[in-house]
Amino acid sequence: MRTPTRPLLAGATAAVAALALAACGTTEDPTAQAAPETTASGPVTYTDERGEHTLDAPATDVVSLEWGLTENLVALGVEPAGQADVAGYNTWNTVAPIDEGTPDVGMRGEPSLDAISALEPDLVVTTTDVPENVIAQIEEVAPVLALRGSDGADPLGYMRETVTTLGEVTGTQDEATQALADFDAKVAEGEKALAEAGLDGAQFAMADGWIANGTVSVRMYTPGSFFGAVGEAVGLEDAWTEGGDPDYGLAQTDVEGLTKLGDVQFVYAANDAEADPFADGLKGNKVWEQLPFVAAGDVHRIPDGIWMFGGPLSGAAYVDALVDALA
């Protein structure tokens, strides 16, 4: 069963779908930014995964059905008019929080058409993880922008495309350009810091996981994942390269599967809203405790609230987390 902490993977294989599931690097509160001035007032044509569409004007009242898209809207200074699972979003993304009073339109995989319709939005943004028939139903009450959650072939490139597209449809192109430039600067800063610490080319592994019926399931972030790609962008080498799904670049394993890893820096995401799958779930596990990186003390939990499937803001926070943990 999917939980609110995991991105939807509709249409993927059953194994991946069942397992599809985190301190900001700056002191600036993204929600404290002034409302952006739009750079266009006439019709806006955009292209999503379904083709070309046109809005009568840049969207100002936007409902978001996916947390990564929400974070990117916040990065552009656009507060969502409605949000799928507000509490869950604010639990797992403290880098770019939204107002707790934001109207809730249901869960990410099961949005409420009535709740969306009542808000009369200019645009609904979602990912193609939502079934096509649901997207079609939503489009009966409002225009829809449907993008992939990510692209395992080029996660950073697709993130940039996503931010650029959101900037176009909301008339915040300048903010989109600045958000991406800030991210690039943070990557360069992180790469320099890790190189100065002698970690250029060092192997790392990124993971998260969960506990179900006393069993710990582990999910590895390959170079095709957002965090895997960010790690490699700052000069590290992702040691887990196989098994990533086409969209999110995530691979399934368990504690026994981790024996494939040698002397790596093992980085993982968790959240105090749930039990820590590694510190708690594997406590006393002999296989875990004998792994080289565990024995060497090279296990690092990143700060809570950095969304593993976000955009420039979570990406920048993750760079800071890597530098803090490793350097």
Side-chain angles (χ1 to χ4, degrees), residues 1-22 66-68 88 92 108-109 127-130 148-155 158 203-232 236-262 264-271 273-283 285-294 298-302 306-310 314 318:
M1 184 175 80
R2 295 188 179 96
T3 74
T5 65
R6 298 165 192 152
L8 299 168
L9 289 179
T13 62
V16 174
L19 294 173
L21 264 19
E66 181 50 55
W67 296 349
W92 283 86
R108 291 178 293 161
T127 65
T128 51
D129 297 329
V130 173
R148 293 174 65 182
S150 187
D151 181 355
D154 185 9
Y158 197 81
Q203 287 203 328
F204 85 112
M206 173 68 205
D208 66 18
W210 59 96
I211 306 170
N213 299 320
T215 300
V216 175
S217 294
V218 180
R219 190 170 58 175
M220 303 302 299
Y221 289 60
T222 73
S225 69
F226 181 49
F227 276 5
V230 172
E232 295 210 327
L236 301 174
E237 181 182 348
D238 194 330
W240 196 284
T241 60
E242 298 180 354
D245 71 274
D247 287 331
Y248 295 99
L250 304 173
Q252 174 192 358
T253 191
D254 53 23
V255 65
E256 286 77 14
L258 295 177
T259 58
K260 298 177 184 178
L261 295 171
V264 302
Q265 297 291 334
F266 187 85
V267 183
Y268 74 94
N271 193 285
E274 299 179 355
D276 186 314
F278 300 100
D280 298 331
L282 295 178
K283 184 177 181 179
N285 183 290
K286 292 183 179 180
V287 175
W288 169 254
E289 293 179 347
Q290 291 176 6
L291 293 171
F293 52 88
V294 177
D298 292 330
V299 177
H300 316 278
R301 173 174 167 170
I302 65 172
I306 306 177
W307 183 229
M308 298 86 77
F309 314 97
S314 281
Y318 183 60

Closest contact, heavy atoms only, Arg148 versus Asp247:
NH2-OD1, 2.6 Å

Minimum heavy-atom distance between Pro155 and Ser225, given as atom pair plus value
CG-O, 3.5 Å

Within the distance-only criterion (no hydrogens, no angle test), does the side chain of Asn271 pair as donor or acceptor with the backbone N or O of Ala273 below 3.5 angstrom?
yes

I'd like to know if the side chain of Trp240 reaches the main chain of Glu242, judged simply by a donor and an acceptor atom lying under 3.5 Å from each other, with no hydrogens or angles considered.
yes

Before giving the answer on side chain to side chain contact (heavy atoms under 4.5 Å, CB included), spell out for Phe266 and Leu258 the whole-Å C-alpha distance, their side-chain angles and the decisive distance to 0.1 Å.
CA-CA 10 Å; Phe266 187 85; Leu258 295 177; 4.1 Å; yes

Parallel, tilted or perpendicular: which fits the ring planes of Phe309 and Tyr221, with parallel below 30° and perpendicular above 60°?
parallel

The salt bridge (charged side-chain N to carboxylate O under 4.0 Å, His left out) partners of Asp298 (sequence neighbours excluded) come to none

Check whether any side-chain N or O of Glu66 sits under 3.5 Å from a backbone N or O of Gly149 as a donor-acceptor pair, and report yes or no.
no

Could you tell me whether the side chain of Asp245 and the main chain of Leu250 form a donor-acceptor pair under 3.5 Å?
yes

Would you compute the distance between atom CZ of Arg219 and atom OG1 of Thr253 and round it to the nearest 0.5 angstrom?
13.0 Å

Do Met220 and Leu261 touch side chain to side chain, with heavy atoms closer than 4.5 Å?
yes

Calculate, to the nearest 0.5 Å, the distance between atoms CD and CD belonging to Glu237 and Glu232 respectively.
7.0 Å

Contacts of Val216 meeting side-chain contact (heavy atoms from CB on, under 4.5 Å) (sequence neighbours excluded), chain-then-number -> Ile211, Val218, Pro277, Leu282

Are any of the side-chain heavy atoms of Tyr248 and Asp129 separated by less than 4.5 Å?
yes

Taking the six-membered ring for Trp and the single ring otherwise, decide whether the centroids of Tyr318 and Phe226 are under 6.0 Å apart.
no

Here the pair of heavy atoms bringing Trp210 nearest to Asp208 is CZ3-OD1, 4.5 Å

Considering all heavy atoms, the nearest Met206-Ile302 contact
CE-CD1, 4.5 Å

Who pairs with Asp276 by side-chain hydrogen bond (donor to acceptor under 3.5 Å, both in side chains), at least two apart in sequence or on another chain?
Tyr268, Arg301

Heavy-atom pair of closest approach, residues Pro292 and Gly262
CB-O, 3.8 Å

NE2/His300 to CZ/Phe278 distance, rounded to the nearest 0.5 angstrom?
13.0 Å

Between Trp307 and Trp92, what is the ring plane arrangement, given parallel below 30°, perpendicular above 60°, and tilted in between?
perpendicular

Looking only at heavy atoms, which two atoms of Ala239 and Val264 are closest? And how far apart?
CB-CG1, 3.9 Å

